[in-house]
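In the text below, chain A, chain B and the rest are named by the order of the sequence lines, each starting its count at 1. Predicted, not measured: the structure shown is a model, and the values here were computed from it. Reckoned from all heavy atoms, side chains included, excluding hydrogens, waters and symmetry mates.
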There are 2 protein chains.
Amino acid sequence: MAVLESPSERHEIERRSLPADIRESLQERILSGEFRDGEALVQDVLAEEYGVSRMPVREVLRQLEACGLVSMQTHKGAVVTSIPTEQVEELFELRALLEADMLVRAIRRMTDSDIAEARDILGELEQSYRRGDMASWGRLNWAFHRRLYLPAGRPQTLAVLHGINLRVERYIRLHLLVTDGLDTAEREHREILRLCALRDAEAAVAFLKLHILDAGRTLVMALRQARAADH
Amino acid sequence: MAVLESPSERHEIERRSLPADIRESLQERILSGEFRDGEALVQDVLAEEYGVSRMPVREVLRQLEACGLVSMQTHKGAVVTSIPTEQVEELFELRALLEADMLVRAIRRMTDSDIAEARDILGELEQSYRRGDMASWGRLNWAFHRRLYLPAGRPQTLAVLHGINLRVERYIRLHLLVTDGLDTAEREHREILRLCALRDAEAAVAFLKLHILDAGRTLVMALRQARAADH
DNA sequence: TGTATTTTATATGTATCCAATACAATAATT
DNA sequence: AATTATTGTATTGGATACATATAAAATACA
């Protein structure tokens, strides 16, 4: 589970910081579900796994805390944050509100090359989905949405959306995978892109909202079932 | 500039962690304008000032980085984040969008005691404004808006708004203070509360949007002037 | 046997120390 | 004189060691 493969490779690739590498890895381990809701993240254990001291691990935990992925309490340690079902629902509604606004602004200024690039990403996204490579899927799903909104020229809103995406991605991966939710999402992505290409803002936004809220509803239902089962 | 006055006072008040105290202090020093845009935050200097080692300071800097108040680069250190004027404008428009949505939801479920509490906060807010106590003003201004939206039952959206508020508060304090912007804001707060008390959601939301966007416009103008002066 | 208290272990919080990097100032070479 | 090396210094990054708090386990007592 070491971040760096070997000392010999170190000076070739490394231009990043230890916490940055560890963060990426730990974040992915949380999003992938390796660590469950409420599970404790012990500094010593993680430090050992990554072959570093507790210090960089602590910084990463602080960062993940700020992202809302882990909660920390003094002298008690860090645990994976659990988001109540109603708040997951809220986050999807929030996405719908913000992304609709973003897409309106984006479509106005969208060039053909914007659409071409989004289409490229969508291609990769579909591949990773078929491969079942959920780590790539998560990254590319965000990349696709992000690419659509980029022409809007709204970096702050984009950052907020990125944060929201990060918080719900774990639940999407865990629960939407077992339903047909992702299949539907794949088809909807194509349709959104088509409407953007036509520069039909109204239809695109309406469809986008449905896309997000539908995924939200499916996920919330799956979550409620799973959590009721755990009682 | 020590956080803890003396060892004898320590055990009376302290039930919090060192990073938490330092964070609060450092955040306030950034918001107050003691540290300017782009100014370097040197770990050793801060550690000395607070009478602690660099370790808790580093954690605080990481947290503030996650909030968007400082930017860090490996081996280069931390500097106070500077937000471009257009992005300040964007943040106000984002607030308008989100807070309008929140107020609609909140008014539906708002009780008389909700309004009474908001009115209490508004009283304190006006006092701190007259005293020129900007640290309290910042805290209470957020407390007022937060209290209005609390009945909506939307903690995630509230958290997003809190983050946005944190990022723009510094500019509000620095520039809205010298214009008549805050005077106007004071009067508008009363009007919003009045419309809430009447449960007139439509009028309240319309007015709230104007309130936010007006403050934004005034601030952006002041910012452009100040930044043009610095050439 | 159940509860309360003391003890002990484990994990976190903080300080200090050492290493790596970046920046600046100076020297050397063209 | 200008430009490139080089060296020196300041600052950050990371590891180790120590202090402190929490939680669990064991023991004492009712």
task: Rounded off to whole Å, could you give me the CD1-to-P distance for the A:Ile22 and D:dG13 pair?
output: 13 Å
field: Validation row: B:Pro155, A:Glu90 side chains within 4.5 angstrom (heavy atoms)
entry: yes
- request: Grab the CG-C1' distance between A:Asp44 and C:dG13 for me, whole Å please.
  value: 12 Å
message: Between P on C:dG13 and CZ on A:Arg62, what's the gap in Å once rounded to a whole number?
response: 7 Å
query: With a 4.5 Å heavy-atom cut-off, do B:Leu61 and B:Leu26 have their side chains touching?
result: yes
- prompt: So, for B:His162 and B:His145, is the gap between ring centers shorter than 6.0 Å?
  reply: no
Within the sub-3.5 Å range, which N or O atoms of nucleotides 6-8 of chain C have a protein N or O partner, and how far apart are they?
none

message: Could you tell me how far apart A:Arg58 (CZ) and C:dA11 (P) are, to the nearest whole angstrom?
response: 15 Å
message: In this structure, how many angstroms lie between the C1' atom of D:dA10 and the NE2 atom of B:His75, rounded?
response: 13 Å
message: In this structure, how many angstroms lie between the C1' atom of D:dT12 and the CD atom of B:Glu65, rounded?
response: 14 Å
message: Just the rounded figure in Å: distance from P of C:dA15 to CD of B:Glu59.
response: 11 Å
- request: Starting at CZ of B:Arg147, measure out to CE of B:Met110 and round the result to the nearest 0.5 Å.
  value: 8.5 Å
task: Using a cut-off of strictly less than 4.0 Å, decide whether B:Lys76 has a side-chain nitrogen or oxygen near OP1 or OP2 of C:dC23.
output: yes
field: Within-4.5 Å side-chain heavy-atom neighbours: B:Leu174 and B:Leu223
entry: no
- prompt: Can you tell if the side chain of A:Val88 reaches within under 4.5 Å of the side chain of A:Phe92, non-hydrogen atoms only?
  reply: yes
Value in whole Å for how far the C1' atom of C:dA15 lies from CD of B:Gln43: 14 Å
- request: Can you figure out which of C:dA15, C:dG13, D:dG14 approaches the side chain of A:Pro19 most closely?
  value: D:dG14
message: Keeping A:Arg109 on the side-chain end and A:Pro151 on the backbone end, is there a donor-acceptor pair under 3.5 Å?
response: yes
message: A side-chain contact here means heavy atoms from C-beta on lying under 4.5 Å apart; do A:Glu28 and A:Glu24 qualify?
response: no
Contact check, side chains of B:Met102 and B:Leu158, non-hydrogen atoms, under 4.5 Å: yes
Short heteroatom pairs, N/O only, protein and nucleotides 16-18 of chain C, under 3.5 Å:
none

